[in-house]
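Here the structure comes first, spelled out in structure tokens, and everything after it is commentary.
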Amino acid sequence: MTEKPSLGPATPARPLLRIEKMSHDFGGVRAVRNLTLSIADTEIAALIGPNGAGKTTVFNVVTHLFPPTTGEIYLRLPEGQEALALRHPARSLLEFSLRLPEGQEARITGWRPDQICEAGIARTFQNIRLFRDMTVLENVKLGLHRHTRSGLFSALIRLPSMRREEGEADVAAWKYLSFVGLSSRAHELAGSLAYGEQRRLEIARALATQPRLLLLDEPAAGMNPRETADLMALIQDIRSRGVTVFLIEHHMKLVMQISDRVFVLDHGELIAQGAPDSIQEDPKVIEAYLGG
Amino acid sequence: MSRRNRRVEWFTLAAVCLAVALVPLFYGFRGQVPSTVLKICIYAVMALGLHVVVGLTGLLDLGYVTFMATGAVLTVVSMVAVADPETGTLIIPVGGRSLRGAEHLFHFPGSYLLVLALAGLVCSALGVLRGLPTLHLTGDYYAIVTLGMAEIMYIWYRTAEWTGGPQSLWLNPPDVPTLFGYKLYYDSAIYYFLVLMVFTATIIGSIHLRDSRVGRALSAIRLDPTAAMACGVPVSRYKLTAFAVSGFIGGIGGSLFALWSNGFSAIGMEVWESILLVCCLVLGGIGSVRGALLGSVVLVALGEILRQKVPHYSSGVGLVWKAWPPEARFLFYGLILVALMRFRPAGVLPDRVAGDPFPPELARAWSERATSLFRLGPSRKEASR
């Protein structure tokens, strides 16, 4: 795999996310095979491929909804947050202390999903997973969970500090909603929103976790052309604020217009990576999409 | 829930507490009515404890009676335990036996409050212990495990020597704990107001919990554990928190129940009690505080009514009503639930969150407020790197 000539820019020098020789098996089915890729800081990267190529599996493994069968995932922790790695499982602690001189990369392979979220990776889901019976605002407030403090006892007796924090969380959540354009729907039920709005709400909730890397799983699925155009602007806006975006998408126009780098997955293998225009001409990609 | 609904809710609950406080004005502290009211309050406390796990976190707990039994047995055992006058060893007089001249070890000023807290804390620990191996179970599997564990505890309490085993442990007058110099008899004013206080505190706590960050996280776990994890909610820790809170309330409820029933009998702590509490929640609407109260009122009152030989007509002529056997009330509970599932599957008072339009004046106010919680992209420190 490593011998394959790369068509695009070389792997970034200090990647934000690095997946190394990662494989994932479902029983006998090898969903992802020996995948190695790096995402650079503040780029928009896209992962494309035919249905069943294993794209969502990559996201699920990165956010540790299930562990990789083999391989490792590394995330560069922001400066001043290296201590985060020390709070996590002993395995990572050992690994981290060994790796410390080389750079601020933490091996996040064994971390729990909420720890990965805390480390700065947020995601949306292909089949929208909102808390449908909660209001739109409450959904976003859940995204703020890690950034608010109040615990059980302050909740039970409703300490003033807790009320203040709730008020602040309301305002912050509403600002995230304004950012994705849902501020006027704040008090409606998440389940009552239109499909495209639900997708945007999921993005707002993910942004509220204040990630450095945002994983979007088919954000444009089921959207009409106008909504898609808005979404493209939104994604570019998110990136311009310094958040790295890694997205899975079938909508080729969107992918080719906004991404800096495209990874093509077929049958669990990375068959090409590079700038959008070079990908479009890659014979392997054309074959994978058109069949051969 | 919208602001207006919340005000209505507080008003209803305050009215309920006030009504309970006013009952003695009309009925005194002794007799059927205050006794039933107390039982309703105690069951409502336990139903609200169960609500934390079943209603908020969304895990069906069929073994809640364990906490009730543990709280009750701890209370009774600590109150009847005496030091043997000759050897000085600890004795638990089983079967209502009383030892003359023996000294009660756990009777000192404020001891009942200590026992109450202890019952809560032990049950809290029990809840966590029971939760640890079951953290990854959901749905039916979790329900089955709780049922099984409750059965184990039931059998233990029924056979162990220190709990009185199949016999009962009675609280004789000298055993009854004292609070502020007053004996906490089941028909005393001080006991009545103690229960009322716990009842009120539990209601307030339940509502506060529901409307808090912790309650939101628990609801998120119920609605979608995967999404909750992805939002950064440490699911296991929050489940354990829920088990601890639920156990704590159960232990408190059990302790108060022991005073109400003036003793402990393992036989009364069968799985039926768990089912009854679940029924209270289902009847009122799972996830609703008001529902839990309504369920307790209806089911406990019905149980007490069925226990009575209510309208006792003159003998020999026509229909003579007799008291039903105690198990018969479950027949009625079953009927009620069947009717409920047919006509109001979400319960009588479900906590339905209604969507509201967002008030524009609030939008104006919020858009002007700055908050450090709103941050897009890396922090300034990081960006300047």
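Below, chains carry the letters A, B, ... as their sequence lines are ordered, and counting in each starts from 1. As the structure is a prediction and not an experimental result, all values here were calculated from the model.
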| query | Between M162(A), E168(A), H147(A), which residue shows the highest count of heavy-atom pairs closer than 4.5 Å to chain B? | reply | E168(A)

| request: Among L207(A), I157(A), D170(A), single out the residue with the greatest number of heavy-atom pairs under 4.5 Å to chain B. | output: D170(A)

| task | Apply salt bridge (Lys or Arg N to Asp or Glu O under 4.0 Å) to R146(A) and D114(A), showing your working. | result | CA-CA 9 Å; R146(A) 278 283 185 191; D114(A) 55 288; 2.8 Å; yes

| message | Which atoms of A169(A) are under 4.5 Å from chain B, going by heavy atoms: the side chain, the backbone, both sets, or neither? | response | both

| L144(A) portion near chain B, given a 4.5 angstrom heavy-atom threshold | side chain

| So what's closer than 4.5 Å to chain B heavy atoms on L65(A): side chain, backbone, both or neither? | side chain

| Taking atom CE of M197(B) as the centre, does the number of heavy atoms from other residues, nucleotides or ligands within less than 6.0 Å exceed 12? | no

| With only heavy atoms counted, which part of P360(B) is less than 4.5 Å from chain A, the side chain, the backbone, both or neither? | neither

| said: Quiz question: by atom type and distance under 3.5 Å, do the side chains of T148(A) and R213(B) form a donor-acceptor pair? | reply: yes

| Within 45° of the six-membered ring axis of Y74(A) and under 6.0 Å from that ring's centre, is NZ or CZ of R76(A) located there? | no

| remark: Greatest number of non-hydrogen atom pairs under 4.5 angstrom with chain B, of A122(A), S184(A), S150(A), S178(A), falls to S150(A)

| said: If we ignore hydrogens and angles and just use 3.5 Å, is the side chain of K239(B) paired with the main-chain N or O of V53(B) as donor and acceptor? | reply: no

| query | Can T202(B) and I252(B) be said to form a side-chain contact (heavy atoms from CB on, under 4.5 Å), step by step? | reply | CA-CA 10 Å; T202(B) 312; I252(B) 299 268; over 6 Å; no

| request: Report yes or no: do D217(A) and T56(A) form a side-chain donor-acceptor pair below 3.5 Å? | output: yes

| message | I need the residue from A230(B), P234(B), S212(B) with the largest number of non-hydrogen atom pairs under 4.5 Å to chain A. | response | P234(B)

| request: Answer yes or no: is there a donor N or O on one side and an acceptor on the other, between the side chain of H187(A) and the main chain of D356(B), under 3.5 Å? | output: no

| message | Need one label for I116(A): side chain, backbone, both or neither, based on atoms under 4.5 Å from any heavy atom in chain B. | response | neither

| said: Let's test your reading of the structure: which of D224(B), V245(B), L223(B) forms the most heavy-atom pairs below 4.5 Å with chain A? | reply: D224(B)

| task | Take atom CZ of F26(A) as the centre, draw a 6.0 Å sphere, and report whether it contains more than 12 heavy atoms from other residues, nucleotides or ligands. | result | yes

| Top contributor to chain A contacts, counting heavy-atom pairs under 4.5 Å, from A228(B), A370(B), A365(B) | A228(B)

| request: With a 4.5 angstrom heavy-atom cut-off, could you sort out which part of S372(B) is near chain A: side chain, backbone, both or neither? | output: both

| request: Verify side-chain contact (heavy atoms from CB on, under 4.5 Å) between R185(A) and R200(A), making sure each step is shown before the conclusion. | output: CA-CA 12 Å; R185(A) 321 292 303 268; R200(A) 271 188 289 155; over 6 Å; no

| field | Cation-pi geometry met for R205(A) and F131(A) (6.0 Å, 45°) | value | yes

| query | Tell me, side chain or backbone of S219(B) under 4.5 Å from chain A's heavy atoms, or both, or neither? | reply | both

| task | Would you mind telling me which of A363(B), C231(B), P359(B), A217(B) has the largest number of heavy-atom pairs within less than 4.5 Å of chain A? | result | C231(B)

| request: Measure I207(B) against the heavy atoms of chain A and call it side chain, backbone, both or neither at under 4.5 Å. | output: neither

| query | Checking heavy atoms, do the side chain of N139(A), its backbone, both or neither come under 4.5 Å from chain B? | reply | neither

| Pair E166(A) + R216(B), salt bridge at N-O below 4.0 Å | yes

| field | Exam field: side chain Y64(B) to backbone G250(B), donor-acceptor pair closer than 3.5 Å | value | yes

| message | Whether the side chain of E197(A) engages the backbone of A194(A) through a donor-acceptor N/O pair (distance < 3.5 Å, no angle test) should be reported. | response | yes

| task | Please flag which part of R158(A) lies under 4.5 Å from any non-hydrogen atom of chain B: side chain, backbone, both or neither. | result | both

| Which region of T241(B), side chain (C-beta onward) or backbone (N, CA, C, O), has a non-hydrogen atom less than 4.5 Å from a non-hydrogen atom of chain A, or is it both or neither? | side chain

| task | Using heavy atoms and a sub-4.5 Å threshold, report which of residues 238-247 of chain A line up against chain B, by residue number. | result | R241(A), G242(A), V243(A)

| note | Honestly, the part of R149(A) sitting under 4.5 Å from a heavy atom of chain B is backbone

| task | Say whether H136(B) and Y141(B), considering side chains only, have a donor N or O and an acceptor N or O under 3.5 Å apart. | result | no

